[in-house]
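First the structure, in the form of structure tokens, and then the observations on it.
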Amino acid sequence: MKKLSVILFFLLATQMVQAQKLERIEPMFWWVGMHNPQVQLLVHGENIASLETQLNYPGVTLVKVHKVENPNYLFLDLNISADAKAGKFPIVFTQQGKKKLQYVYELKNRDQSASRIQGVTNKDLIYLLMPDRFANGDPKNDVVKGMQETKLNRDSMYYRHGGDIQGVINHLDYIKDLGVTAIWMTPEIENNMPLASYHGYAATDHYKIDARYGTNTLFKSYVEQVHAKGMKVVKDVVHNHIGTGHYLFTDMPMKDWVNQWPAYTQTSYRDQPVMDIHGAQADKKRMLDGWFVPSMPDLNQRNPFVQNYLTQNHIWWVEYSGIDGLRLDTYPYSDPVYLADWAEKMRAEFPTLGIFGETLVNSVASQAFFTGGNTVNGGFDTKLPGITDAVLKDAIYEALNGKSGWTDGIYRLYATLAQDFLYQDASRNVIFLDNHDMSRFYSMVNEDIKKYKAGMTLLLTMRGIPQVYYGTEILMKNYSNPDGLVRSDFPGGWKGDTTNKFKAEGRTAAENDAFNHFRSLANFRKNSDALQTGKLMQYVPQDGIYVYFRYTDTSTVMVIINTEDKELSLATSRFDERIGTATTATNVITGETINQIKTITVPAKGSLVLSLK
């Protein structure tokens, strides 16, 4: 009986050893010379916690090994000294002194190229696109064996259509010619979900470009090619949630890796409890800890291991690829204390990195609350430079579609801008008229070309960093009911498309009219210090006409918006404070010289952009 027990124990021990397997270490590699000498490695493998960890490399110290609830994880705290050199070394996992597993870790030298990480500022014009719906440059990766979603159907708004990073690379000249200076793609990292994961916001691997878009190497090459054409790259990152297919959800390191509830609890989608001085903690918890949707588990950013994982991942992508800016998805839903710490750590490593957060809220005060350095949030500094200015977007729509009243129509736009004092610097906000989650601009102005041109004029001459959604320049339209309807393919991006709207000959007369208006104004903006970094002076609207100026010490641009259904004659003496000694102007769109500007004729529902002389 005793002999049988020994045999059984030996067999069990053998099975335990055989069960040990190393799945991954993240980050897969790191760099010497980082501002923060600490890095925490996540080690994932079957029963990995039963092994001991050893490493030996000059300048690298294994400070602590964290064993957590799930024995399939270890977290290794490493300190990389300032004199550590780039190189490779083994991380060895042993049992009873015998080596069982090994991972060869690499420390790389940082890329110190001057052209890297340029930042995103009010000098830029951002072009937002969805890679699955923009252009298919590599049909071989349309369907990838082994991934959950294997259907490709361009006739469905829910299935993948085959667009990819190579498709964007193939059309960089088109984007640059538009006057664009920065490209923002919806998330490119792996979303290995059963259905409708083309949008990219349900990550299943934080360190891997989705194979249907390309590879990590191709993404890095994409950034380099964008830079070579004088443009920048914005990467979309998500702090708030992951997809249910992520290994960090299917095999969680610990129970509180995600926010847990007795029963499924969805966020309230209400930002007010986060800032409400009268608010209930229960409402705040529902907003911050509730799940966005059932397929996107809500990450617990109060967990220090979650914090390290996300922050290091974003640092890794910036250093690896040289991207210039980050757009932070669903910003108000994440833990504000963590996000402030995140921003501080990112800027410590990359002082020039551009950062802006998505805050689809309903008031200027609410937007300002989330921005850094202001005076409206009780002294808490979010360290967030700018936000997506949805309130200004709504005000522009009211200006174009509403009827003038004391607070309505064009007056709403004036009043919204008059509240810019709530921000430390409103010019760091990203301004926009639509995106992948909203009805397209051309539909929202009832396919009125005059309103379209006025909206584009406002977008490209207003303070802030303008962002345009792909296809807006060719009058792509539809309402977000559901979202898939505003995520149509760019015509001409696929072999066999009957029309190619990347080319003038493929566009209709109306589309070329819109395209040329946008392109002329965008390229003027690219070379206008007044529109890029100039101050803004606005005048109270009168008789349906709104006038504002963008100006520096050396140049002045005058913008006139007529919201009335009739042509109007505008006497300009009221604006002498800003016009100064200028007596003539150039129409930026037409190139026409205006020999006198004491009175200016403004077309019905028209807009003018005048460079004063």
Side-chain angles (χ1 to χ4, degrees), residues 120-122 124 126 269-279 283-284 287-288 325 327-328 330-337 339-340 342-344 347 354-399 402 406-433 435 458-459 461-467 531-541 546-551 559:
V120 179
T121 71
N122 49 7
D124 291 304
I126 302 172
Y269 304 108
R270 293 189 177 275
D271 61 285
Q272 290 86 355
V274 179
M275 61 193 76
D276 184 3
I277 62 173
H278 311 294
D283 286 341
K284 185 175 182 179
M287 165 63 184
L288 294 176
R327 179 261 191 185
L328 317 183
T330 50
Y331 185 88
Y333 298 85
S334 295
D335 183 77
V337 175
L339 288 178
W342 173 91
E344 193 168 21
R347 297 302 283 271
I355 300 172
F356 62 97
E358 179 202 34
T359 55
L360 302 182
V361 296
N362 299 309
S363 70
V364 175
S366 293
Q367 289 186 163
F369 177 88
F370 291 109
T371 59
N374 61 54
T375 59
V376 299
N377 58 6
F380 174 71
D381 190 351
T382 66
K383 309 289 177 68
L384 180 68
I387 47 83
T388 52
D389 201 336
V391 180
L392 183 64
K393 169 189 71 71
D394 293 342
I396 291 175
Y397 276 121
E398 174 63 20
W406 187 254
T407 59
D408 301 318
I410 194 67
Y411 295 94
R412 174 85 60 84
L413 177 55
Y414 166 81
T416 298
L417 286 164
Q419 298 174 71
D420 274 358
F421 65 90
L422 293 172
Y423 303 106
Q424 185 183 61
D425 185 356
S427 73
R428 298 190 298 221
N429 291 345
V430 171
I431 63 175
F432 66 108
L433 294 174
N435 63 25
L458 288 165
L459 178 68
T461 62
M462 187 58 66
R463 59 93 176 124
I465 308 168
Q467 169 251 299
L531 293 186
Q532 289 181 343
T533 60
K535 295 179 180 179
L536 168 67
M537 180 180 289
Q538 64 170 347
Y539 285 78
V540 176
Y546 174 50
V547 175
Y548 62 91
F549 295 83
R550 298 294 307 282
Y551 63 98
V559 182

Mark yes or no for whether [X], through its side chain, and [Y], through its backbone, hold a donor-acceptor pair below 3.5 Å.
X      : Y      : value
Glu358 : Leu328 : no
Gln367 : Ala390 : yes
Asn429 : Gly386 : no

Leu459 pairs by side chain to side chain contact (heavy atoms under 4.5 Å, CB included) with which of Ile431, Leu392, Ile396?
Ile431
Hey, could you give me each pair passing side-chain hydrogen bond (donor to acceptor under 3.5 Å, both in side chains) that has a residue in residues 408-421? Not counting sequence neighbours.
Asp420-Arg463
I'd like to check the side chain to side chain contact (heavy atoms under 4.5 Å, CB included) partners of Asp425; sequence neighbours left out, ordered by chain and number.
Ser427, Arg428
Could you pull out all residues at least two apart from Ser334 that satisfy side chain to side chain contact (heavy atoms under 4.5 Å, CB included)?
His239, Asn240, Gln301, Leu339
Side chains of Thr388 and Tyr331 only: does a donor on one sit below 3.5 Å from an acceptor on the other?
no
Do we see a donor-acceptor contact under 3.5 Å between the side chains of Asn435 and Gln467?
no
Got Asn122 and Gln532 here, is their nearest side-chain heavy-atom distance under 4.5 Å?
no
Within the structure provided, determine whether Arg270 and Asp283 are in side-chain contact (heavy-atom separation under 4.5 Å).
no
Output for pair (Tyr423 OH, Phe370 CZ), nearest 0.5 Å, gives 11.5 Å
